[in-house]
Visitor: 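Mind having a look at this structure? Questions to follow.
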Amino acid sequence: MNKNESTRPSDFIREIIDEDLRTNKYGGRVHTRFPPEPNGYLHVGHAKSICLNYGIALQYGGLFNLRFDDTNPSKEEIEYVKSIIEDIRWLGADWDDRLFYASDYFEQLYDYAVQLIKKGKAYVDDQSADEIRETRGTLTEPGKESPYRNRSVEENLDLFGRMRAGEFGDGSRVLRAKIDMASGNLNMRDPVMYRILKATHHRTGDKWCIYPMYDFAHGQSDSIEGITHSICTLEFEDHRPLYDWYLNELGIHHPQQIEFARLNLSCTIMSKRKLLQLVEEGHVNGWDDPRMPTISGLRRRGYTPESIRTFCDRIGVAKRDSVVDIALLEHCLREDLNKRTQRVMAVLRPLRVVIDNYPEDQTEELEAVNNPEDPSTGTRKVPFSRVLYVERDDFREDPPKKFFRLAPGREVRLKHAYIIKCESIVKDEKTGEVVELHCTYDPQTKSGGAKAARKVKGTLHWVSASHALEAEVRLYDHLFVKANPEDVEEGSDFKANLNPNSLETLASCWIEPNLTGAKSGDRYQFLRLGYFCVDPDSSNGKLVFNRTVSLYDTWAKIEKAQRKR
RNA sequence: UGGGGCGUCGUCAAGUGGUAAGACACAAGACUUUGGAUCUUGGAUCCCAGGUUCGAAUCCUGGCGCCCCAGCCA
């Protein structure tokens with residue numbers, strides 16, 4: 001990420017920060033954080049938050065912390081903290097040595113709780129979870145005060161100490177803040193601060209058997225770290241009064257919580273719970289399945305961190321619920337890949353072509369530009385010979401209007417090579433399927449040659465049959481068929497909208513020999529087809545490619561329009 | 001019938017009383033040895049209704065609509 005402010009849009013959060021800087025609210029400091037709970041993998045929605053928080057720190061010359069909100073040992077795992085760290089690094093955010101965990105603060109948090117008890121602002125409640133729920137009231141009715149609400153400070157102190165000591169069973173008691181059971185804001189109706197959970201924590205082990213709730217841990221952790229602007233999503237708006245209450249009662253450094261709308265993307269889902277469901281029920285092949293909106297999925301798919309950052313900049317930051325068209329993400333991807341990716345030829349659905357008038361034993365090394373967008377990347381040699389493969393889609397026995405590709409009697413240019421003409425076709429006797437094309441080439445039309453200027457309507461990519469490498473190619477499409485996956489019939493759920501064709505595997509494709517030795521993660525543009533990257537499933541013997549995103553396909557659009565007529 | 005938010009082009013999103021940026025998508029065209037890339041062109045009166053004002057998307061009043069909250073989850 002860079003701090004190029006001219007391209008960075010302003011938003012209401014930066015306006016608040018500008019104002020705080022103007023009034024010297026935090027002594028000119030700007031300090032943000034990203035506070036993930038390690039109970040799942042990060043997705044693009046998190047990327048938006050990371051880019052926002054890190055971007056602001058960078059822009060204002062401030063600091064950015066990574067802090068795991070690990071206050072619920074029953075849901076959290078070390079596997080998730082590892083993946084989260086890896087993903088944020090990959091995205092390009094940098095927290096220097098400020099990697100923290102809410103669990104680092106358990107002792108301090110405990111002390112804060114004791115302070116509140118001493119102030120008469122917190123009490124131990126012996127009611128069961130059910131009783132607490134029942135007495136919380138409803139959206140329209142106030143709650144009832146707990147019979148234990150007015151215990152003495154001494155008794156509360158004693159009980160809380162014994163809770164920590166492990167004298168009581170899970171769920172038998174909680175520590176509650178004493179606020180207002182009649183508040184219109186349910187979060188203020190004596191919220192639970194600590195619960196008893198005899199579970200092993202991935203960092204603190206069995207040291208604790210009481211754990212702070214999010215509301216009690218989050219704001220105080222922000223405070224301890226000296227955070228100035230605590231940026232979170234809209235659903236925490238209702239929690240801000242509580243966030244403020246704890247900090248005010250404790251009289252400690254008071255960051256400002258600011259809420260923004262989380263990212264929603266069309267044709268996919270962002271709920272961690274549902275993503276987990278897709279993984280566990282085998283609808284996808286893991287968290288890093290290239291169809292997943294997870295950072296690890298996007299990475300494996302071939303997305304660049306730059307393209308994701310650009311995307312996050314372009315979608316803006318606001319407070320209204322919104323659904324961003326996934327086409328924008330894909331546009332940012334293509335824009336980046338177009339500039340940086342080497343062009344290469346690959347034939348996904350091969351159709352054999354024999355150039356009848358080309359010498360049987362001859363091979364030419366033709367010069368091919370690596371990237372027309374970046375001449376400094378130079379050229380490479382591509383072998384040409386008598387037997388080639390072209391794309392099956394590039395031939396039609398009975399071509400429709402505006403079809404500029406190969407057909408009986410038609411001429412076409414082979415990229416970097418010659419103009420060829422289709423003289424005859426060979427069909428499978430039984431199925432009638434076209435299995436081979438016989439063509440002639442015009443030696444005068446060699447690319448770069450004297451008479452190369454002759455124009456033909458179409459240009460095809462190709463590969464020399466005897467030189468090409470065989471590869472597996474995985475084509476991906478949107479995970480869901482509807483823009484809004486939740487748009488389903490009564491009684492059904494989002495899985496009904498899963499796209500049955502989101503993955504198509506092509507087992508034997510042919511790619512130009514220059515890709516020998518391509519490594520996992522390497523990205524290429526397959527000419528006229530799209531951007532592809534080498535999947536980690538590749539072995540020495542066989543390369544496996546993921547289609548990151550297709551190229552804009554004007555012909556497909558024309559054809560679709562023709563079908564409508 | 002409680003509390004908290006939000007409503008500007010198909011989708012995001014600027015605009016902060018002076019006469020509706022930009023991006024994506026879409027459509028049309030130019031160019032092209034990737035039907036790629038690139039370039040040009042096109043389109044919103046701002047949820048509704050009143051009001052204030054010379055002038056309102058921006059201010060006031062009243063509606064309507066959408067989202068979030070009743071975990072000892074975050």
Side-chain angles (χ1 to χ4, degrees), chain A residues 9-11 15 35-37 39 69 71-72 74-76 125 127-129 132-134 136-143 170-176 182-189 191-197 210-211 213-215 217-218 232-241 259 261 266 272-273 314-332 334-335 338-339 343 345 369 372-373 402-405 413-417 419 445 447-448 452-461 483 525-530 550-558:
Chain A
S10 191
D11 52 66
E15 277 170 18
E37 182 190 12
N39 69 342
D69 234 324
T71 56
N72 186 353
S74 62
K75 286 188 178 177
E76 297 153 6
D125 194 344
Q127 292 184 110
S128 69
I132 287 178
R133 187 181 338 106
E134 282 158 19
R136 185 159 22 233
T138 67
L139 294 180
T140 52
E141 299 162 304
D170 280 15
S172 62
R173 268 173 247 254
V174 291
L175 182 71
R176 289 230 254 173
S183 172
N185 182 345
L186 295 271
N187 294 122
M188 302 300 273
R189 319 242 263 226
V192 172
M193 293 166 61
Y194 270 90
R195 76 283 213 187
I196 299 171
L197 224 50
I210 56 172
Y211 292 92
M213 297 290 290
Y214 163 84
D215 287 301
H218 197 88
C232 61
T233 44
L234 252 28
E235 67 271 27
F236 292 102
E237 227 153 6
D238 286 342
H239 294 244
R240 190 176 355 117
E259 312 84 11
S266 62
K272 266 200 228 177
R273 205 196 92 238
R314 290 198 190 159
I315 56 178
V317 182
K319 294 198 72 158
R320 74 179 81 123
D321 291 311
S322 60
V323 181
V324 175
D325 192 336
I326 196 165
L328 178 58
L329 212 211
E330 293 169 345
H331 174 265
C332 294
R334 289 188 178 104
E335 184 179 60
N338 176 51
K339 280 181 284 186
R343 274 61 171 171
M345 292 198 286
V369 172
E373 300 293 322
K402 292 187 182 171
F403 185 82
F404 301 148
R405 283 112 97 140
R413 164 134 241 145
L414 292 182
K415 181 75 177 175
H416 307 308
I419 291 176
T445 58
S447 266
R454 182 149 75 86
K455 300 286 184 200
V456 285
K457 278 280 196 180
T459 301
L460 309 188
H461 60 274
Q525 184 197 93
F526 288 1
L527 227 56
R528 302 208 304 137
L529 297 173
S550 66
L551 249 22
Y552 284 108
D553 189 346
T554 307
W555 167 242
K557 222 178 248 183
I558 293 170

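Here the structure is a predicted model, which means the values were calculated and not measured. Here is how names work: the chains are called A, B, and so on, in the same order as the sequence lines, proteins then strands, and each is numbered from 1.
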Visitor: Return the value, rounded to whole Å, for the distance between atom CG of A:Leu328 and atom P of B:A25.
Guide: 8 Å
Visitor: Mind checking who B:C24 pairs with, Watson-Crick or G-U wobble, both distances under 3.5 Å?
Guide: B:G10
Visitor: Mark up nucleotides 31-39 of chain B, 5' to 3', with B wherever a protein heavy atom is under 4.0 angstrom from a base atom, S wherever such an atom reaches only the sugar-phosphate, and - elsewhere.
Guide: --BBBBS--
Visitor: Hey, what do you get for CZ (A:Arg195) to CG (A:Leu175), rounding to the nearest 0.5 Å?
Guide: 12.5 Å
Visitor: Applying the Watson-Crick and G-U wobble criteria at under 3.5 Å, what pairs with B:G35? Answer none if nothing qualifies.
Guide: none
Visitor: So, taking the atom named CD in A:Glu37 and the one named NE2 in A:His218, what distance separates them when rounded to the nearest 0.5 Å?
Guide: 12.0 Å
Visitor: Roughly how many Å is it from CZ in A:Arg189 to C1' in B:G4, rounded to a whole number?
Guide: 13 Å
Visitor: Please enumerate all residues that pass side-chain contact (heavy atoms from CB on, under 4.5 Å) together with A:Asn185, with sequence neighbours excluded.
Guide: A:Ser183, A:Asn187, A:Met188, A:Asp238, A:Pro241
Visitor: What integer number of Å spans the C1' atoms of B:C26 and B:U32?
Guide: 23 Å
Visitor: Please report the distance, rounded to the nearest Å, between NZ in A:Lys319 and C1' in B:A14.
Guide: 18 Å
Visitor: Could you run down nucleotides 63-74 of chain B 5' to 3' and tag each one B, S or - for protein heavy-atom contact under 4.0 Å?
Guide: ----SBBBSBSB
Visitor: Taking only the C1' atom of each, what is the distance from B:A13 to B:A25 in whole angstrom?
Guide: 14 Å
Visitor: As an exercise, state the distance from OH of A:Tyr552 to CD of A:Glu330, rounded to the nearest 0.5 Å.
Guide: 8.0 Å
Visitor: What residues, two or more places apart in sequence or in another chain, satisfy salt bridge (charged side-chain N to carboxylate O under 4.0 Å, His left out) together with A:Arg413?
Guide: none
Visitor: Scan the side chains in residues 320-329 of chain A for donor-acceptor partners under 3.5 Å anywhere in the protein, sequence neighbours excluded, and list what turns up.
Guide:
{"from": "A:Asp325", "atom 1": "OD1", "to": "A:Ala327", "atom 2": "N", "distance (Å)": "2.9"}

Visitor: Could you identify the nucleotide paired to B:C59, looking across every strand shown and requiring Watson-Crick or G-U wobble geometry with both distances under 3.5 Å?
Guide: B:G51
Visitor: Within this structure, what is the CD-to-P distance between A:Glu330 and B:C26, rounded to whole angstrom?
Guide: 11 Å
Visitor: Between B:G15 and B:A21, how many Å separate the two C1' atoms, rounded to a whole number?
Guide: 8 Å
Visitor: Which value, in whole Å, describes the distance between the P atoms of nucleotides B:U41 and B:G22?
Guide: 11 Å
Visitor: In sequence, state the C-alpha distance, the side-chain angles, and the governing distance for A:Arg343 and A:Val369, and then conclude on side-chain contact (heavy atoms from CB on, under 4.5 Å).
Guide: CA-CA 8 Å; A:Arg343 274 61 171 171; A:Val369 172; over 6 Å; no
Visitor: Between B:A57 and B:U53, how many Å separate the two C1' atoms, rounded to a whole number?
Guide: 16 Å
Visitor: For B:C67 versus B:G62, give the span between their C1' atoms, rounded off to a whole number of Å.
Guide: 22 Å
Visitor: Mind checking side-chain contact (heavy atoms from CB on, under 4.5 Å) for A:Leu186 and listing every partner two or more places apart, or none if nothing turns up?
Guide: A:Arg136, A:Leu139, A:Arg189
Visitor: List the residues meeting salt bridge (charged side-chain N to carboxylate O under 4.0 Å, His left out) with A:Glu237, not counting sequence neighbours, and say none if there are none.
Guide: A:Lys319
Visitor: Using atom C1' of each nucleotide, how far apart are B:U38 and B:U45 to the nearest Å?
Guide: 34 Å
Visitor: If the P atom of B:G65 is compared with that of B:A74, how far apart are they to the nearest Å?
Guide: 35 Å
Visitor: B:C66 pairs with which nucleotide, Watson-Crick or G-U wobble, both distances below 3.5 Å?
Guide: B:G5
Visitor: Between protein and nucleic acid, restricted to nucleotides 27-30 of chain B and to nitrogen or oxygen atoms under 3.5 Å apart, what atom pairs and distances do you find?
Guide:
none

Visitor: Should A:Arg314 be listed as having a side-chain N or O under 4.0 Å from OP1 or OP2 of B:C24?
Guide: no
Visitor: Could you identify the nucleotide paired to B:A74, looking across every strand shown and requiring Watson-Crick or G-U wobble geometry with both distances under 3.5 Å?
Guide: none
Visitor: Test of understanding: with side chain to side chain donor-acceptor pair (under 3.5 Å), list the residues that count as partners of A:Ser74, not counting sequence neighbours.
Guide: A:Asn72
Visitor: Go through the structure and list residues passing side chain to side chain donor-acceptor pair (under 3.5 Å) with A:Thr233, not counting sequence neighbours.
Guide: A:Glu235
Visitor: Mind checking what makes salt bridge (charged side-chain N to carboxylate O under 4.0 Å, His left out) contact with A:Glu335, not counting sequence neighbours?
Guide: A:Arg314
Visitor: With a 4.0 Å cut-off on heavy atoms, is A:Val317 in touch with a base, just the backbone sugar-phosphate, or nothing at all?
Guide: sugar-phosphate
Visitor: Is B:G71 syn or is it anti, if syn means the base angle is within 90 degrees of 0?
Guide: syn
Visitor: Would you please name every residue forming a salt bridge (charged side-chain N to carboxylate O under 4.0 Å, His left out) with A:Arg528, sequence neighbours left out?
Guide: A:Asp394
